[in-house]
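None of the values given here were measured: they were computed from a predicted structure.
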Amino acid sequence: KGVLILPDIIECLRNKGYNFLFTFIGDGVLRSNLENKLRDGINDGIVDFTGRIDSDDVYRKLRQTDIFVYPTHIDAFGLVIAEAMMNGAIPVVTCLEGITDTIVDDGQNGYLVAQDDIQCFVEHISSLIDDEKRRNKMSQAAIEKANRCFSKDVMRRNYLNMISSL
């Protein structure tokens, strides 16, 4: 799982002197492993684990989020990326050909990163932290793309068109 590189990403950002809060939403088999590796960050208040929360709370958290980091190895569609974008969080995600690259327009409404490229993740996250104007522009572009391509109405229309063409 790509999530295992997150402690290294967080450590690099911390070493650069950034003030941030990195929030993990949800549970999974790797949570205790991550909590152990990130104990110092948890104690210092820069890392938080919410555990499982309901969808309204997820969307509320995403609306409060500037950058959505998703170092995945596999994904069927990338719904979580579209949801983050709808809420204005800029995705910095692993490039999975035919999946994440159909959602994120690299450099416009988010960033695509080669699998497990810690330095590239750190560079893109750093550039967004350092440049508020870029961050605001990309956040707006993410919202626009997500609403144009992945809103409920658009998805419903696409599914109906697909079904009617069978």
Side-chain angles (χ1 to χ4, degrees), residues 1-28 30-31 33-51 53 57-75 77-97 99-146 149-150:
K1 291 250 181 183
V3 71
L4 292 176
I5 69 167
L6 288 172
D8 293 328
I9 292 170
I10 291 167
E11 187 63 25
C12 287
L13 293 168
R14 186 178 203 173
N15 289 340
K16 287 178 165 254
Y18 289 116
N19 181 21
F20 61 89
L21 174 61
F22 203 106
T23 303
F24 288 81
I25 297 175
D27 277 321
L30 299 174
R31 180 177 172 173
N33 179 311
L34 290 167
E35 284 178 324
N36 287 332
K37 288 183 178 182
L38 293 164
R39 183 68 47 210
D40 288 343
I42 294 168
N43 292 338
D44 293 341
I46 65 165
V47 175
D48 182 41
F49 286 82
T50 66
I53 57 177
D57 286 336
V58 170
Y59 296 135
R60 183 179 53 75
K61 289 270 190 201
L62 287 172
R63 282 190 299 276
Q64 298 168 348
T65 298
D66 292 317
I67 304 166
F68 175 74
V69 181
Y70 191 56
T72 187
H73 285 177
I74 188 166
D75 204 318
F77 166 68
L79 179 62
V80 67
I81 299 167
E83 290 172 329
M85 291 170 69
M86 283 181 183
N87 286 284
I90 303 162
V92 180
V93 302
T94 302
C95 182
L96 300 175
E97 223 173 283
I99 301 170
T100 60
D101 64 347
T102 65
I103 301 168
V104 176
D105 302 312
D106 190 41
Q108 296 175 29
N109 53 33
Y111 289 109
L112 297 167
V113 178
Q115 184 173 309
D116 295 331
D117 189 338
I118 293 167
Q119 279 312 119
C120 193
F121 271 101
V122 171
E123 287 170 19
H124 287 311
I125 295 166
S126 296
S127 74
L128 290 168
I129 292 171
D130 290 336
D131 190 341
E132 182 179 5
K133 186 176 178 181
R134 174 188 289 164
R135 202 170 55 244
N136 291 336
K137 182 179 177 182
M138 290 181 79
S139 173
Q140 188 58 44
I143 292 168
E144 290 169 6
K145 166 88 183 255
C149 299
F150 307 112

Could you tell me the separation between the [atom1] atom of [X] and the [atom2] atom of [Y], rounded to the nearest 0.5 Å?
X    : Y    : atom1 : atom2 : value
I9   : F121 : CD1   : CZ    : 5.5 Å
F20  : I129 : CZ    : CD1   : 7.0 Å
L34  : L38  : CG    : CG    : 6.0 Å
D131 : K137 : CG    : NZ    : 10.0 Å
E11  : I46  : CD    : CD1   : 7.5 Å

Check: [Y] main-chain N/O paired with [X] side-chain donor or acceptor under 3.5 Å:
X    : Y    : result
R135 : L128 : yes
N109 : D105 : yes
S139 : N136 : no
N87  : A89  : no

Which pair of non-hydrogen atoms, one from [X] and one from [Y], has the smallest distance, and what is that distance?
X    : Y    : answer
C95  : D101 : SG-CB, 4.2 Å
G78  : I103 : O-CD1, 3.6 Å
G26  : T50  : N-OG1, 3.6 Å
A146 : M86  : CB-CG, 3.3 Å

_Taking atom CG as the centre, does N19 end up with more than 12 heavy-atom neighbours from other residues, nucleotides or ligands that are less than 6.0 angstrom away?_
no
*Residues which pass salt bridge (charged side-chain N to carboxylate O under 4.0 Å, His left out) with E35, listed by chain and number, not counting sequence neighbours*: R31
Report all side-chain donor-acceptor pairs from residues 65-74 shorter than 3.5 Å, counting only partners two or more places apart or in another chain.
{"unit_1": "T65", "atom_1": "OG1", "unit_2": "K61", "atom_2": "O", "d": "2.6"}
{"unit_1": "Y70", "atom_1": "OH", "unit_2": "D75", "atom_2": "OD2", "d": "2.6"}
{"unit_1": "T72", "atom_1": "OG1", "unit_2": "I74", "atom_2": "N", "d": "3.2"}
{"unit_1": "T72", "atom_1": "OG1", "unit_2": "I74", "atom_2": "O", "d": "2.8"}
{"unit_1": "H73", "atom_1": "NE2", "unit_2": "D116", "atom_2": "OD1", "d": "2.9"}
{"unit_1": "H73", "atom_1": "NE2", "unit_2": "D116", "atom_2": "OD2", "d": "3.2"}

*Would you kindly say whether Q119 and E123 are connected by a side-chain donor-acceptor distance under 3.5 Å?*
no
*Which residues satisfy the ring pair (Phe, Tyr, Trp, His ring centres under 6.0 Å) test with F77, sequence neighbours excluded?*
F150
